> 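Below: one structure in structure tokens.
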Amino acid sequence: MDIYENMIDAGEFIKSRINLTPETGIILGSGLGDFADEVDNSVVTPYDEIPHFKEVRVKGHAGNLVTGIIAEKPVAVLQGRYHFYEGHDIKDVVFPVRVLCSLGINNLIITNAAGGINAAFTPGDLMVITDHINLMGENPLSGDNDERMGPRFPDMSTIYNSAMSEKIISTARSMSISIKSGIYAGLRGPSYETPAEIRMLKTIGADSVGMSTVPESIAAKHMGMNVAGISCITNFAAGITDQPLDHKEVTETADRVKEDFISLLTRVISII
Ligand code: HPA
């Protein structure tokens, strides 16, 4: 079977377990997985039960598809993601996004934890992603293109949907949640960047840096979905301060802003 057929197969399996058609998809980044607890009438499907999903390799990252209702809207939440640095094929990294699309989802909100490069950012800030820079050395669309999923050369000039991004920003402001916007640089990882790399990223226009999101956004745009992205700035990027980088800081900061983040996402889902 090819990827398209696998996607349909996985989609049919999920549809057979749920009795709603999700409209909005959400991918939860590091430390933000608790958002899935907000889903009412939830059906939780572990990734390893879904045909063609790969095994989850990172400790502490739950791998569940959670479907149900948030703010009266039918949603499908990816609680945990496949990272390229885990050694997965890039096509497997984006496979869950393709399956969400096959369920009928038009709007996808991608979240992540990221290091702050922009001098105006401090840990705990949320940043709407206005654009990205793909520095992963890979593209999920490389190889043969399947026209049933999307075009060979998809336009990426408006990869992050401006109407959705504006709604996230205005909603955050109305809730007095501080929100920034900027450009996300996606690197392969898993080592954090060196200070010299962060200086380079700053020079080429990046405001935040992380190890996810970029392949997922490309695949979602390829399939014609509306994509929005939100980074939780969990730490100063390397060399911005003297402090060494530590995954613990990433999860602790994400934990600290979790409540704001959950209420913002819930409100956004109700209006998109
Ligand atoms: N760099 C890369 N990925 C990250 C960072 C970082 O500083 N923080 C959270 N994810």
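The first residue in the sequence is number 1, and the count goes up from there. What you see is a predicted model; the values in this text were computed from it and never measured. Any value given below was found using the heavy atoms of this structure, including those in side chains, with hydrogens, waters and symmetry copies removed. Ligands are counted one by one from 1 in listed order, and the atoms in each one are counted from 1 as well.
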> Find the distance between CD1 (Ile218) and CD (Glu138) and round it off to the nearest 0.5 Å.
10.0 Å

> Between Arg17 and Glu49, is the salt bridge (charged side-chain N to carboxylate O under 4.0 Å, His left out) condition met? List the steps.
CA-CA 12 Å; Arg17 291 176 49 104; Glu49 290 179 12; 3.8 Å; yes

> Please tabulate, one line per pair, the protein N or O atoms found under 3.5 Å from any N or O atom of ligand 1, giving the distance to one decimal.
unit_1	atom_1	unit_2	atom_2	d
ligand 1	1 (N)	Glu193	OE1	2.8
ligand 1	1 (N)	Glu193	OE2	3.3
ligand 1	7 (O)	Asn235	ND2	2.9
ligand 1	8 (N)	Gly115	N	3.3
ligand 1	8 (N)	Asn235	OD1	2.7
ligand 1	10 (N)	Ala113	O	3.3

> Which heavy atom of Asn112 sits nearest to which heavy atom of Ser231, and what is that distance?
OD1-OG, 2.8 Å

> Has Arg148 got more than 12 heavy atoms of other residues, nucleotides or ligands less than 6.0 Å from its CZ?
yes

> Given the side-chain rings of Phe95 and Tyr82, with only the six-membered ring counted for Trp, is the space between their centroids under 6.0 Å?
no

> Show every ring-ring contact (aromatic ring centres under 6.0 Å, His included) that has at least one partner inside residues 150-171, sequence neighbours left out.
His132-Tyr160

